[in-house]
Each structure stands twice: as structure tokens, then as C-alpha cells.
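Step one of this worksheet: look at the structure below.
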Amino acid sequence: MEKKRILLIGTGGTIASEMGDNGLEPELTSRQLLRYVPDISGICEIDCVQLFSLDSTNIRPEHWLRIAGTIRECYTKYDGFVISHGTDTMAYTAAGLSYLIQNSLKPIVLTGAQKPIGYETTDSKQNLRDAFTVAASGMSGVLLVFNGKIIMGTRARKTRSKSFEAFSSINYPIVGMVQDGRLIQYIRTESDVPVRFYGNLDAKVSLLKLVPGIACGVLEYLLERSSAVIIESFGVGGLPVYETGSFYETIKQGLDAGKTVVLTTQVENEGSDLSVYHVGSSIKRNLPILEAYDMTTEAVVAKLMWILCQTTEREEVARLFYAPIACDILSAF
Ligand code: ASP
């Protein structure tokens, strides 16, 4: 059988880092990474491209657009894509790519590592091997492969800052595993409509995590400067009603000015349900805000960026927001 052709896209991160004067910095190119895992050439044929070398702390929506643009340009030439990326914002990039490249039958796989590839003890080599195994498989769509787990790009979150088990799949099962080089797929990810690429994002999306007693002025500030504000509230969701009721008024003003407001929860698992408590249901019933339900905050951020450069018309924003893309939402309404 002919070997699959895979494009490795280097972007930086710990996996490619070396120790500098002030800590780890991305230095190695994607081609240099591959020299540490020569056995991968047994899995597939590989071409390399280095888009940038950044700690993912510095990766922004414009970089997601560059990655998506590169994949678009060479989509027909390759059977799959591996993106080596820093772990810190990998879940955001995975979500971003899930909206920028929809219905891909070819696998687009993000991976990285908690320890640099040059270290004696490192997860880099195994993660790269696993990522290529998935990229050369019949799986499809944007996936994040890490520590043997295969996670939907819209469901990933970094949940450990140091250990190898860095990522979890939130409110959705992992779609498969790679064990000793063998792919075990639990859930099919392919779609039956043609691949579609998008080339724009509205990056003016902000996130406000509530803390007890938070001043409403913080929300006002964000609404003035953003197209959309996501409010990570407590539990299943609700808004504080202090003596003045000012959160309600501030959101109303923001909505009247054409802004989008989404309520979600800061609890990691099981999502929001604004209908349960008065602090949630009163705002949901009275104002045209959106609710994230079981979506991850990373996916909500990226989905809003994707939606708001297409339309700001309220009903259309809501329709697109609640329409499932790449298994990002299961339980709206
Ligand atoms: N700070 C690094 C980054 O996100 C962490 C990592 O890659 O694990 O680029």
C-alpha cells in the first residue's frame, strides 16, 4: 500500500524549545524535530513547513488564520496534517481551526509536549509518533492528540500544567486512543458534506470570569471594547443581583449597542443551565443573551470570532451559535 503523505507544520512550543538565558524558548524547526523520531518515516512520507516559532502564549487568531491558510493551500497535496504547537493555548487553536476548516475528511492533528524533545525524559517523541499515526489514518477533522488520547478540537482543554496527561476532553468522550502505535477509534468523526475553509475572524471577543463581589464596571469596560463578551459565571449559571441590579442594566445596554453576550460557567464539567435558578432564568427570559450549555469556553471564544465576522444580526448570530459544528454542542435548549 502506498504511504500516506503528511505535512508537518511547525509553530513552536515546548516541544521545539531549548534552554536560553531566561528559560525555555522555541528554537527547533519542524524538520529538526523529525530528526529525533526517524522511525516516523516508516509510518508515512513527510514534508515540513515552519510557519513561526512562538511560545503559544503569543499565538493569536491571526496565527490560526495562517495555519488554516497553509492547510487550504496544500489541502489536495496531502492526506493529513500535523501541527506541532505549544500546549498552553493549543486548545484555543484547535477550536479556532475547527471553525476555520469545517467537514475535513482529512485528519488535521495538533500535538505538542510538556517537556522539550531534547530532554532525556520527554513526552515529545511519543506525542509526535501518535500524531502521525492519527494523521496517516482514516480519521477526519480537527483533532488534538496528546498522551495517547485523541480529542475533538472543539472539546479539548489543558487541565494539567506540568504532567504528561495535560489535556482532557470536556463534556464529550475522547474519540480514540493510540496505544503502542495502534489506533483505537471509539467514535467516527467524518462528515458527509465537502470541506469548507473560512478566511476571517473577528478577534474582538472578551472573557470575564466572575468573582464574588466583582464590580459591574469591569463588564462595562469589556462591552465597550468588544464585539462579544463571554461571562463565566458560577455553577449552572446566573448573574449577581447586587442592591443596584447594575449587571442586568449593563448587559441590556451592551445588547442595545449591538454587542453579543454569552453566559457560561466556570465549572469545568457538565455545562450551564440558566433555567434552574432565579439568578439565571430571569436574565435568560428577559434579555436576548446566548448560553453556552455544554460548549467549552475555548470553543465559545473561537465560534464567536468565526460568527461575528460573518454577521452581527442577532437572530443569525444565535442560529449559527447553536448549530453544532464538529461536535461542539450537544444540549442546546
Ligand atoms: N509555554 C509553552 C507553550 O505553550 C508550553 C508548552 O508548549 O507546553 O508554548
Do [X] and [Y] pair up side chain to side chain, a donor and an acceptor below 3.5 Å, judged on atom types alone?
X	Y	answer
Asn171	Tyr293	no
Glu165	Asn147	yes
Thr297	Glu232	yes
Thr93	His85	yes
Tyr99	Thr154	no
Asp47	Tyr78	yes
Asp88	Ser56	no

If we ignore hydrogens and angles and just use 3.5 Å, is the side chain of [X] paired with the main-chain N or O of [Y] as donor and acceptor?
X	Y	answer
Gln102	Ser98	no
Lys259	Ser226	yes
Ser281	Ser275	no
Thr265	Gly271	no
Thr29	Gln50	no

message: So for atom CZ, which belongs to Phe197, do other residues, nucleotides or ligands contribute more than 12 heavy atoms lying within a distance under 6.0 Å?
response: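 Count over threshold, so yes.
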More than 12 heavy atoms of other groups within 6.0 Å of Lys209 NZ: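 Atom NZ in Lys209 is not packed in, count stays at 12 or less.
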field: Leu207 to Leu222 - nearest heavy-atom pair and separation
entry: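 Scanning both residues, the minimum pair turns out to be O-CD1, 4.2 Å.
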Basic-acidic side-chain contact under 4.0 Å: [X], [Y]:
X	Y	result
Glu249	Lys252	no
Arg155	Glu298	no
Arg157	Glu268	yes

- prompt: When hydrophobic residues are tied together by side-chain contacts of less than 4.5 Å, even through go-betweens, does Val195 share a cluster with Leu105?
  reply: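 Per the 4.5 Å side-chain linkage, Val195 and Leu105 are not co-clustered.
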query: Could Lys149 and Phe167 be counted as a cation-pi pair, given that NZ or CZ must be under 6.0 Å from the ring centre and within 45° of the axis?
result: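 Not satisfied by the 6.0 Å and 45° rule.
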